[in-house]
Amino acid sequence: MAHPYFDAEHSAEVVLERLGPRTSARTREVMSSIVRHLHEVVKETKPTHEEWLEAIGFLTRTGQMCSDWRQEFILLSDTLGVTMLVDALNHPRGGQATEHTILGPFYVENAPRYPNGANLCLDHKGQPLQVRGRVLDLEGNPIAGATVDAWQTNEDGFYDVQQKGLQPDMNLRGVFASEASGAYWFTTVKPRYYPIPDDGPVGQLLGSMDRGPERAAHIHFIVKAPGFQPVITHVFPPDCPFLQKDAVFGVKQSLIGDFRKTDTGWSLEWDFVLERAR
Ligand code: BEZ
Ligand code: FE
């Protein structure tokens, strides 16, 4: 062992030389990187004891905030851009295919299945929005029988699961199937921006960085079809003031839709392009 005892200059090596022979290659790779970078951060920023205890306290409070309904560590990853980075590395942009973005904590499985044309808005509040489009493959051929699973907040910026008793269950959620022409269509309301849950340590961290908690307005989608890679994505209205300040970095230029004002509300034409399963 070249560094059996601690010394600050070789601190990362001291730790990494203790990795035992039964450590898997992947654990060795990941832990070596984490330890090296962590020690670099400490050497660069030179925290006082008090600051280091504050950092540990922050992580402790982040863990204590977690429950089945509140994933504060995921929120930390989201707000530091790490969730989007992991997603980008796992889903490199494939030409014309619809880009991925963040899933978020408000997805609910088994939302109601509706025929095309149904209205997702069960409490009739908000500005009506007609969404229509097609599900296509990379060559522009229609994909029939794709499922288009959509969910969003109400006009006050809350998901149904955040306002149980105030909003009808499954408000603004629904699953549609594309027709032979690839077409799907439904009515909803124009989405509004909203804050991510910011009453915990991550909200305090955002405040200390002079960053806001707002997510740019969006409709979430998961689109799936047999033989194709599923896509988890959003569409964003172009007039949202938070497109370039989205708290979780979920906005991509290609996901900003052409929302148009109509006599009765809004309309949006929005196609999904799926890549074949590998
Ligand atoms: C959402 O879009 O639902 C969301 C994403 C990340 C964090 C919080 C909310
Ligand atoms: Fe959302």
Side-chain angles (χ1 to χ4, degrees), residues 62-63 65-88 90-91 98-111 120-121 125-126 129 131 148-164 166-167 169-175 186 188-207 209 211-223 230-252 254-257 259 268 270 272:
T62 300
M65 195 89 198
C66 291
S67 68
D68 285 351
W69 291 104
R70 179 74 180 254
Q71 291 296 330
E72 197 74 0
F73 269 115
I74 297 184
L75 216 49
L76 181 59
S77 157
D78 296 345
T79 52
L80 294 181
V82 179
T83 307
M84 284 299 291
L85 178 58
V86 171
D87 187 59
N90 282 284
H91 297 106
T98 300
E99 287 200 278
H100 281 245
T101 188
I102 203 158
L103 175 66
F106 299 116
Y107 176 62
V108 171
E109 281 181 19
N110 301 319
L120 295 186
C121 180
K125 292 182 184 160
L129 167 66
V131 182
V148 177
D149 191 340
W151 71 103
Q152 65 171 82
T153 59
N154 68 359
E155 65 164 351
D156 298 325
F158 291 102
Y159 290 91
D160 57 349
V161 291
Q162 294 176 292
Q163 289 194 314
K164 284 192 178 290
L166 276 177
Q167 287 188 50
D169 281 352
M170 298 290 177
N171 194 29
L172 297 167
R173 296 178 188 274
V175 185
F186 62 89
T188 182
V189 294
K190 188 159 185 263
R192 181 182 181 274
Y193 60 84
Y194 63 89
I196 61 169
D198 67 340
D199 57 346
V202 170
Q204 285 163 4
L205 181 66
L206 284 177
M209 294 189 290
R211 278 177 50 188
E214 287 84 7
R215 280 233 60 200
H218 56 274
I219 305 174
H220 291 262
F221 292 99
I222 299 179
V223 184
V231 64
I232 297 172
T233 188
H234 297 1
V235 61
F236 298 89
D239 56 357
C240 176
F242 292 99
L243 285 177
Q244 296 184 2
K245 295 183 191 162
D246 185 51
V248 300
F249 305 97
V251 183
K252 293 179 177 177
S254 73
L255 302 180
I256 301 174
F259 286 62
L268 169 68
W270 193 246
F272 297 100

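From a predicted model like this one, the values you see are computed outputs, not experimental measurements. Each ligand, and each atom within it, is numbered from 1 in the order the structure gives.
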Sidechain N-carboxylate O distance under 4.0 Å for D78, R215: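 Not counted as a salt bridge, because no side-chain N and carboxylate O are separated by less than 4.0 Å.
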Salt bridge R70-D199, side-chain N to carboxylate O under 4.0 Å: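 Counted as a salt bridge, because a side-chain N and a carboxylate O are separated by less than 4.0 Å.
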Going by the atom numbers of ligand 1, which of them fall below 4.0 Å from some non-hydrogen atom of [X]?
X: H220; result: 1 (C), 2 (O), 3 (O)
X: H218; result: 2 (O)
X: I196; result: 7 (C), 8 (C)

Close approach, Y107 and ligand 1, non-hydrogen under 4.0 angstrom: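 No.
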Residue from N154, I219, L172 passing side chain to side chain contact (heavy atoms under 4.5 Å, CB included) with P191: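 Result: among N154, I219, L172, I219 is the only option passing the side chain to side chain contact (heavy atoms under 4.5 Å, CB included) with P191.
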Donor-acceptor contact present, side-chain Q152 to main-chain V189, <3.5 Å: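 Indeed, once roles are kept as given, a pair shorter than 3.5 Å links the two residues.
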Point-to-point distance, once rounded to the nearest 0.5 Å, from CH2 of W151 to NE2 of H234: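 Between atom CH2 of W151 and atom NE2 of H234 there are 8.0 Å.
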At what distance is the nearest protein heavy atom to [atom], and which residue and atom is it?
atom: atom 4 (C) of ligand 1; value: P105 CD, 3.5 Å
atom: atom 6 (C) of ligand 1; value: D78 OD2, 3.4 Å
atom: atom 5 (C) of ligand 1; value: G104 CA, 3.4 Å

Heavy-atom neighbours of K252 NZ exceed 12 at 6.0 Å: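 Yes, the 6.0 Å shell around NZ holds more than 12 heavy atoms from other groups.
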Vertex the Fe ion (ligand 2), rays to NE2 in H220 and NE2 in H218 - rounded to 10°: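 Approximately 90° at the metal, rounded to tens of degrees.
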Rounded to 10 degrees, the angle OH of Y159 makes with OH of Y194 at the Fe ion (ligand 2):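 Computed angle, vertex at the Fe ion (ligand 2), rounded to 10 degrees: 100°.
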Residue part near ligand 1, for Y194, under 4.0 Å between non-hydrogen atoms: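 Side chain only.
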Region of L75 that comes within reach of ligand 1 [heavy atoms, distance under 4.0 Å]: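 Only the side chain of L75 comes within reach of ligand 1.
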